[in-house]
Amino acid sequence: RRPLCHRLGAQACSISGYHTRAVFSVQFSPDGRYLASCGGDNSLRIFTQEDEQMADAAADERGTKAASYTQLVTQEAAHAADVNCVQWNPKAQGGGKWMLATAGDDNLIKVWELGANESA
């Protein structure tokens, strides 16, 4: 038997200009609203998808809506060395707060809390 394969569609978007070194890990939040990234610049960044009106304005000449993300939170010195991975807690905490963990080359695992009113 051949394994079931799916074809990838077109690239939805690129997020660039935020990390200054290699990106090592990206992870969507369990509800799909946020995208966390980390990398060799020791930083943790959280992006949110722009709303439908913004997507309409960014539609290309064929009318295709491209996903578009804006930076919501940045933690420039999340670790003292490269941040290798990021992982969301699969359940929101009380008050709608999300938690995520990062691991870095500084031999630390850090747990972060993202509150409902956090901003960049």
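Just so you know, these numbers come straight off a predicted model, no measurement behind them.
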Indicate whether any N or O donor in one side chain lies under 3.5 Å from an N or O acceptor in the other, for [X] and [Y].
X: Gln49; Y: Arg33; result: no
X: Asp41; Y: His19; result: yes
X: Arg45; Y: Ser37; result: no

Can you measure from CD1 (Ile46) to OH (Tyr18) and round to the nearest 0.5 angstrom?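 Here the rounded value is 13.5 Å.
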
In Å and rounded to the nearest 0.5 Å, what is the OG1 to CD distance from Thr102 to Gln75?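 That separation rounds to 9.0 Å.
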
Show the numbers, then the answer: is there a side-chain contact (heavy atoms from CB on, under 4.5 Å) between Glu50 and Tyr69? CA-CA 5 Å; Glu50 292 180 349; Tyr69 289 82; over 6 Å; no

Do you know the tightest heavy-atom contact between [X] and [Y]?
X: Ala78; Y: Ser43; answer: CB-C, 4.2 Å
X: Trp88; Y: Pro30; answer: CB-CD, 3.7 Å
X: Leu35; Y: Val26; answer: CD1-CB, 4.2 Å
X: Cys38; Y: Val86; answer: SG-N, 3.9 Å
X: Ala80; Y: Asp106; answer: N-OD2, 2.9 Å
X: Arg21; Y: Asp82; answer: NH1-OD1, 3.5 Å

For a side-chain contact (heavy atoms from CB on, under 4.5 Å) check, start with the C-alpha distance between Trp98 and Asp31, then their side-chain angles and the critical distance, and finish with the verdict. CA-CA 10 Å; Trp98 287 103; Asp31 67 355; 3.6 Å; yes

Tell me whether [X] shares a hydrophobic cluster with [Y], the cluster being built from Ile, Leu, Val, Met, Phe, Trp, Tyr side chains joined at under 4.5 Å.
X: Leu108; Y: Met99; answer: no
X: Ile15; Y: Leu44; answer: no
X: Phe47; Y: Val73; answer: no

Contact check, side chains of Glu76 and Asn42, non-hydrogen atoms, under 4.5 Å: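 Glu76 vs Asn42: side chains apart.
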
Contact between Phe28 and Tyr34 at the side-chain level, heavy atoms closer than 4.5 Å - yes or no?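 No. Closest side-chain heavy atoms not under 4.5 Å.
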
side-chain contact (heavy atoms from CB on, under 4.5 Å) between Leu100 and Asn89, intermediate numbers included: CA-CA 5 Å; Leu100 61 159; Asn89 180 333; over 6 Å; no

